[in-house]
Amino acid sequence: RISPELLEKDPLNRLYSRGPRVRLDAETVRDQALALSGLLSRKIGGPSVYPVQPDGLWRAAFNGERTWATSKGEDRYRRGLYTFWRRTVPYPSMATFDAPSRENCTLRRIHTNTPLQAFVTMNDPVYVEASQALGRRIVREGGTTPADRVRYALLLCTARPPNENQVRVLVEHFEKELDHYRRHEADAKRLATEPLGPLPEGWSAVEAAAWTSVANVLLNLDGVLTKG
């Protein structure tokens, strides 16, 4: 909604005081998750890379490469612009977010809104790993109390000051997840470390798993996945 003050100052929107809220493009959805988590590689140039994708999805339709050699190290987290693309088998998470097939020129992308997109940002290994890294960043940089950490995370992810209702809901979610993983420590360890890797020395897998869950919620907020 536009404020009366802005409407008075810019009734024809010549100063671009407002604009439509649209979902980020496919590559940017992934890039933003990596950037918020601190994983994004800002390296420029070079050959295409093979970021992680769900097992079993790389199937060449015709003769050719039938394995996906997942990139290692920094290349695993490079911007979506550098992702290897085969027209017959496009990178699945980007295809779900309406990335063009590149079989012909696309002047304007058509944005869809389907449940599959939520499945990607909640379950795809790229976003699980980003959630793990963001959860660790929240613990490192967000202060010492759950409320302080949630406030930091909301400001980081939405670029606006959080309101206390948002903070309360996410703190309650953290406490609920913490209680759950105390009773399921094996699940906590998996969620906290796979695929990102071992936790820093002295960290609790239970707490890290709970913050991973909070981070996953944050990366799925409309305010994070849309612009405008």
Side-chain angles (χ1 to χ4, degrees), residues 19-134 157 159 190-191 193-197 212 215-228:
R21 291 180 60 84
V22 294
R23 201 203 61 240
L24 299 174
D25 287 334
E27 296 87 350
T28 313
V29 170
R30 176 179 174 275
D31 290 354
Q32 179 170 248
L34 293 175
L36 292 172
S37 68
L39 294 174
L40 182 67
S41 166
R42 301 183 185 275
K43 178 181 174 183
I44 296 176
S48 298
V49 295
Y50 297 78
V52 64
Q53 65 169 314
D55 293 336
L57 290 185
W58 178 250
R59 295 288 184 270
F62 305 103
N63 290 335
E65 184 180 2
R66 294 181 179 273
T67 59
W68 181 268
T70 302
S71 298
K72 306 294 184 183
E74 182 183 16
D75 285 347
R76 181 184 178 99
Y77 309 115
R78 296 199 67 190
R79 292 172 56 202
L81 173 70
Y82 297 105
T83 298
F84 180 83
W85 197 272
R86 185 187 289 274
R87 290 190 296 273
T88 53
V89 194
Y91 188 66
S93 68
M94 292 185 191
T96 303
F97 279 98
D98 308 310
S101 67
R102 306 186 192 182
E103 293 175 288
N104 45 50
C105 292
T106 302
L107 299 179
R108 181 170 67 91
R109 295 190 183 191
I110 304 300
H111 286 205
T112 63
N113 187 13
T114 75
L116 288 177
Q117 293 162 356
F119 283 130
V120 168
T121 51
M122 293 179 71
N123 300 297
D124 185 284
V126 166
Y127 296 94
V128 172
E129 188 169 17
S131 297
Q132 292 168 342
L134 177 56
C157 293
R190 278 195 299 272
L191 180 60
T193 61
E194 298 176 8
L196 184 58
T212 296
N216 189 262
V217 171
L218 291 166
L219 294 180
N220 279 274
L221 292 175
D222 283 346
V224 174
L225 295 173
T226 61
K227 63 180 179 180

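Below, all heavy atoms of this structure are taken into account, side chains as well, without hydrogens, waters or symmetry copies. All residue numbers in this chain count up from 1 along the given sequence.
Contacts of L218 classified as side chain to side chain contact (heavy atoms under 4.5 Å, CB included), with partners at least two apart in sequence or in another chain: I138, A153, L154, C157, L170, V214, L221. Partners of E129 by side-chain hydrogen bond (donor to acceptor under 3.5 Å, both in side chains), not counting sequence neighbours, listed by chain and number: R76, Y77. Residues passing the salt bridge (charged side-chain N to carboxylate O under 4.0 Å, His left out) test with D98, sequence neighbours excluded: R23. In this view, R109 and E27 satisfy the salt bridge (charged side-chain N to carboxylate O under 4.0 Å, His left out) rule, not counting sequence neighbours. In this structure R190 satisfies the side-chain hydrogen bond (donor to acceptor under 3.5 Å, both in side chains) test together with D187, sequence neighbours excluded. Listed by chain and residue number, M122, S131, N220 satisfy the side chain to side chain contact (heavy atoms under 4.5 Å, CB included) test with N216 (two or more places apart in sequence, or in another chain).
The closest side-chain heavy-atom distance from T96 to D124 is not below 4.5 Å. At a threshold of 4.5 Å between non-hydrogen side-chain atoms, the residues D31 and L81 do not count as touching. At a threshold of 4.5 Å between non-hydrogen side-chain atoms, the residues H111 and F97 do not count as touching. Using a 4.5 Å heavy-atom cutoff, the side chains of Q117 and T121 are not in contact. Put simply, the side chain of W68 does not reach to within 4.5 Å of the side chain of V89, judged on heavy atoms. Two residues are said to be in side-chain contact when any heavy atoms from C-beta on lie closer than 4.5 Å; V22 and K227 meet this criterion. Looking at heavy atoms from C-beta onward, S93 lies out of side-chain contact with F119 at the 4.5 angstrom threshold. By the 4.5 Å heavy-atom criterion applied to side chains, D75 and S41 are not counted as neighbours.
Taking a 6.0 Å sphere around CZ of R78, one finds it holds more than 12 heavy atoms contributed by other residues, nucleotides or ligands.
At least one donor-acceptor pair closer than 3.5 Å links the side chain of Y82 to the backbone N or O of G45. Side chain of T106 to main chain of R102: no donor-acceptor pair is present (N/O by atom type, distance under 3.5 Å, no hydrogens or angles). Judged by distance alone, the side chain of Q32 and the main-chain N or O of V224 form a donor-acceptor pair under 3.5 Å.
Nearest heavy atoms, A130 versus A33: CB-O, 3.8 Å. Across all non-hydrogen atoms, the minimal contact from Q53 to P125 is C-CG, 3.8 Å. The two atoms that bring L134 and L36 nearest to each other are CD1-O, 3.5 Å, heavy atoms only. When every heavy atom of M94 is checked against every heavy atom of R30, the shortest pair comes out as CE-CD, 4.0 Å.
Distance check, rounded to the nearest 0.5 Å: CZ of R79 to CZ of R42 gives 9.0 Å. Here CG of L40 is found 9.5 Å from CD of E74. Values are rounded to the nearest 0.5 Å. Note: L196 CG to L191 CG = 11.0 Å, rounded to the nearest 0.5 Å.
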